[in-house]
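By convention in this document, chain letters (A, B, ...) are assigned in the order of the sequence lines, proteins followed by strands, and residues within each chain are numbered from 1. Any value given below was found using the heavy atoms of this structure, including those in side chains, with hydrogens, waters and symmetry copies removed. Just so you know, these numbers come straight off a predicted model, no measurement behind them.
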Protein chains: 2
Amino acid sequence: MTIQLKDIAKQLNVSVSTVSKTINGTGRVGKETRERILAAIKESGYQPNEVARSLKRKSTRSLGVIVADISNSFYAKVIKGVEKVASANDYNVFVCNTDEKIGKEEEYVRVLLQNQVSGLVIATVGGDPKLFQPYINSGIPFVFIDNLPDTDDNFDLVTIDNVKASYTIAQHLVDQGHRKLALITGPLNQSTASERKKGFQKCLEDNGIPLQDEWIGVGEFKNESGYQIMTEWLKRDERPSALVAANDFLLYGAIKAIYEEGLRIPQDIAVACFDATDETGLLRPRITSIIQPAFEIGSIAAEIIMRKERNKERKLFEKIVLEPTLLMNESSLGVSGI
Amino acid sequence: MTIQLKDIAKQLNVSVSTVSKTINGTGRVGKETRERILAAIKESGYQPNEVARSLKRKSTRSLGVIVADISNSFYAKVIKGVEKVASANDYNVFVCNTDEKIGKEEEYVRVLLQNQVSGLVIATVGGDPKLFQPYINSGIPFVFIDNLPDTDDNFDLVTIDNVKASYTIAQHLVDQGHRKLALITGPLNQSTASERKKGFQKCLEDNGIPLQDEWIGVGEFKNESGYQIMTEWLKRDERPSALVAANDFLLYGAIKAIYEEGLRIPQDIAVACFDATDETGLLRPRITSIIQPAFEIGSIAAEIIMRKERNKERKLFEKIVLEPTLLMNESSLGVSGI
DNA sequence: GTGAAAGCGCTAACAA
DNA sequence: TTGTTAGCGCTTTCAC
């Protein structure tokens, strides 16, 4: 039986409300009484039951973050960004991992909201848009990052311009002289995947390069997909001279296939992707990559929630579009295209 | 104003208890009544308030996981292990990141317990052992992984034998002919750091190699520490011919220093560490490493909690020690020691 | 088979 | 300044 408010009230012959007030610093409590209470609390090791508090207050001072893959360093940085802001505002952060499973995403959205988090930062993997609508309408701040929901526009968003970023990276390869470009992207119901495809195609078009559908590969945002698709391509007569992958895992898989075929990077195939950050300093070749400001995405998302918490009646939705950077590296440089 | 139990009760002219019973499948409810209720729930999109439920039930069907660094792939795998088991048992997992900060660790322990999680998996960074004792005594399952708390032994634990693992990796280097071994480890108040030091030293001793304290470096488990310590060492007249690092970040930092000095791996200095898994396949050189069964550590920790949930009066504490594997790679092979 | 009512542990009006 | 009390939204006994 854990100790609770009334226990320490009884012990000190004061009322529960007096104890509650001193704990919360609300209302007026005599100096001497407060000190006695504080001492008793400290001595007994009393910890308020946060569940009861939340029930009463109708707020939990916590944020939820839902990501597809906690082991992806992009998301890890987003989380750290959220945490920094939350922490500064005395909020806690609960991170949930969906493993790219729509079912789990729905489950965690429900669970977090049922647990009354004050706001949600979510990288959706494209669950039913209908799912979010009732929640968004309920007024709990809901900030999407990375992927956009497939729903109307009454939601908050922090992202980059994926079409443009993809265009930029493809243009870089074109600038290196490449005319035979391939793209491997993720599930097209995820906006990151489809927009990166769109930007890639637009770039080719603008450069007068005929679109070749057979060099647009669609898989999951995972190693295996990149590997499979590239393996398949390398069996054909003609192969691309440059590859864009919509995330780092896809590229690593593709590179594996390229090496297995005995080909060189960038001499035989130049490669580039999104979000290939190298924490080790040991990746070879160094990867040309669009780097999203992941930490900032997280911190801005959290700030939006904080703003809405302070100003509940605010029904404005914010769409923040950040600028990524293009990191040029040896995986695409030093050889002119074929 | 979100819809709640009494709203749907009122709407259907039944009592709240009847509605509650049908939702929970407890007690008896007439077939027809149940169907009407279920229909109304579905139609209205009613979601039970989990906070109120938890307050009543005194259980939340959720686990907390506290790790030092969410971007460390070792922890990411542990988390996935926890999630697998939790998910299979219909529990949710809340992940909290402490950034190696003791204050945050304490905060999250408190918050999660105040939020009545059913159990906690924690990789402590060596907070005040006193902190945990009251909680452990309170009967909430508390499973330590990775680092041991500095407290008596009434806690659960899933880990590896760090002394032995460290011995193994040092012995591997000795077997390669090295006699001038160095170690970079983490904060010695963390058991992983101190045990890895112990195993390393024991190995040298057993091989009749004199211990050289100047080649035992202690830093944080971060890149920068490895870099600083190794940079310092390389300024001296004599340098080690082989290095063991207590985690991967430390090693990557050290390697940076080694390269900056124009030295080669493994020809000039052979290196090895703990938990250098390479998801990209592009790390060069490939790192010799002790690999902990991270996923298993997480899943076993979660299973312990599940067992205790089922059997509340069980006051047994489990200490599970798993076997790591030694992955031999080019960072320490192919050259005989100097 | 159904409902009234008593809490779960806490906060906050309102009274005293 | 302090205490009484009515809930927060739900579950669960117990009576009907």
Side-chain angles (χ1 to χ4, degrees), chain A residues 1-38 40-41 44-62 110-118 138-140, chain B residues 1-38 40-41 44-62 110-111 113-118 138 140:
Chain A
M1 168 61 202
T2 45
I3 178 159
Q4 57 199 64
L5 211 50
K6 67 171 178 231
D7 298 324
I8 90 131
K10 196 174 299 170
Q11 177 194 328
L12 264 49
N13 266 312
V14 294
S15 74
V16 287
S17 64
T18 305
V19 180
S20 172
K21 280 173 205 155
T22 79
I23 288 175
N24 295 291
T26 59
R28 46 199 80 267
V29 179
K31 184 156 187 282
E32 197 237 354
T33 321
R34 173 171 44 250
E35 275 160 10
R36 280 173 59 219
I37 292 175
L38 256 23
I41 286 173
S44 64
Y46 166 72
Q47 300 274 10
N49 178 324
E50 208 59 38
V51 173
R53 264 183 155 168
S54 300
L55 177 59
K56 186 68 197 182
R57 285 209 209 109
K58 302 185 159 201
S59 155
T60 57
R61 268 193 116 66
S62 63
R110 223 194 53 236
V111 168
L112 285 170
L113 290 174
Q114 285 176 354
N115 279 291
Q116 320 290 311
V117 290
S118 306
S138 82
I140 291 167
Chain B
M1 170 63 202
T2 45
I3 177 160
Q4 57 198 61
L5 211 48
K6 66 170 179 232
D7 298 325
I8 90 131
K10 197 173 300 173
Q11 176 195 330
L12 264 50
N13 265 313
V14 295
S15 75
V16 287
S17 62
T18 304
V19 180
S20 171
K21 278 173 203 154
T22 80
I23 288 175
N24 295 289
T26 57
R28 48 198 80 265
V29 178
K31 185 154 187 287
E32 197 237 354
T33 321
R34 174 172 42 251
E35 275 160 8
R36 280 173 58 220
I37 292 175
L38 256 22
I41 286 174
S44 64
Y46 166 71
Q47 300 275 9
N49 178 323
E50 208 57 39
V51 172
R53 267 182 151 168
S54 300
L55 178 60
K56 189 68 200 179
R57 286 211 208 110
K58 301 185 162 198
S59 154
T60 57
R61 264 192 121 65
S62 63
R110 224 194 50 235
V111 168
L113 291 175
Q114 286 175 354
N115 278 291
Q116 321 289 311
V117 291
S118 305
S138 82
I140 292 167

hbond_proxy [X] side chain to [N] base (donor-acceptor, 3.5 Å cutoff):
X     : N     : value
B:K56 : C:dG7 : yes
A:T18 : D:dT1 : no
B:K21 : C:dG3 : yes

[X] near the nucleic acid: base, sugar-phosphate alone, or nothing, with a heavy-atom cut-off under 4.0 Å?
X     : answer
A:S54 : nothing
B:R28 : base
A:V14 : sugar-phosphate

Within the structure, does a side-chain N or O atom of [X] lie under 4.0 Å from either OP1 or OP2 of [N]?
X     : N      : answer
B:N24 : D:dT11 : yes
B:S17 : C:dA4  : no
A:S20 : C:dC10 : no

Taking the side chain of [X] as its heavy atoms from C-beta onward, which of [options] lies nearest to it?
X     : options              : answer
A:N49 : C:dG9, C:dA4, D:dT11 : C:dG9
B:Q4  : D:dC10, D:dT2, C:dG3 : D:dC10
A:Y46 : C:dT2, D:dG3, C:dC10 : C:dC10

Distance-only donor-acceptor check, side chains B:S17 and B:S20, under 3.5 Å: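 No, because no side-chain N or O of B:S17 sits under 3.5 Å from a partner of the opposite role on B:S20.
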Trace of the side chain to side chain contact (heavy atoms under 4.5 Å, CB included) decision for B:I140 with B:S118: CA-CA 7 Å; B:I140 292 167; B:S118 305; over 6 Å; no
Could you check how far [atom1] of [X] sits from [atom2] of [N], rounded to whole Å?
X      : N      : atom1 : atom2 : result
A:R53  : D:dC10 : CZ    : P     : 22 Å
A:Q116 : D:dG9  : CD    : C1'   : 9 Å
A:L12  : D:dT2  : CG    : C1'   : 14 Å
B:K10  : C:dG3  : NZ    : P     : 15 Å
A:L5   : C:dC10 : CG    : C1'   : 7 Å
A:K6   : C:dT11 : NZ    : P     : 14 Å
B:I23  : D:dC10 : CD1   : C1'   : 9 Å
A:E32  : D:dT1  : CD    : P     : 13 Å

Heavy-atom side-chain contact between B:E50 and B:R57 under 4.5 Å: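 A side-chain contact under 4.5 Å exists here.
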Short N-O contact, B:E35 and B:K31, less than 4.0 angstrom: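 A salt bridge is present here (some side-chain N lies under 4.0 Å from a carboxylate O).
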Criterion side chain to side chain contact (heavy atoms under 4.5 Å, CB included) on B:Q4 and B:D7, from CA distance to verdict: CA-CA 5 Å; B:Q4 57 198 61; B:D7 298 325; 3.5 Å; yes
Comparing B:R57 and B:N13 on DNA chain C - which has the more 5′ nearest nucleotide: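 Whichever sits nearer the 5' end wins; that is B:N13.
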Toward the 5' end of DNA chain C, by each residue's nearest nucleotide, A:L55 or B:K31: B:K31
Reported OG1-to-CG distance for the pair B:T33 and B:N13, which is rounded to 0.5 angstrom: 12.0 Å
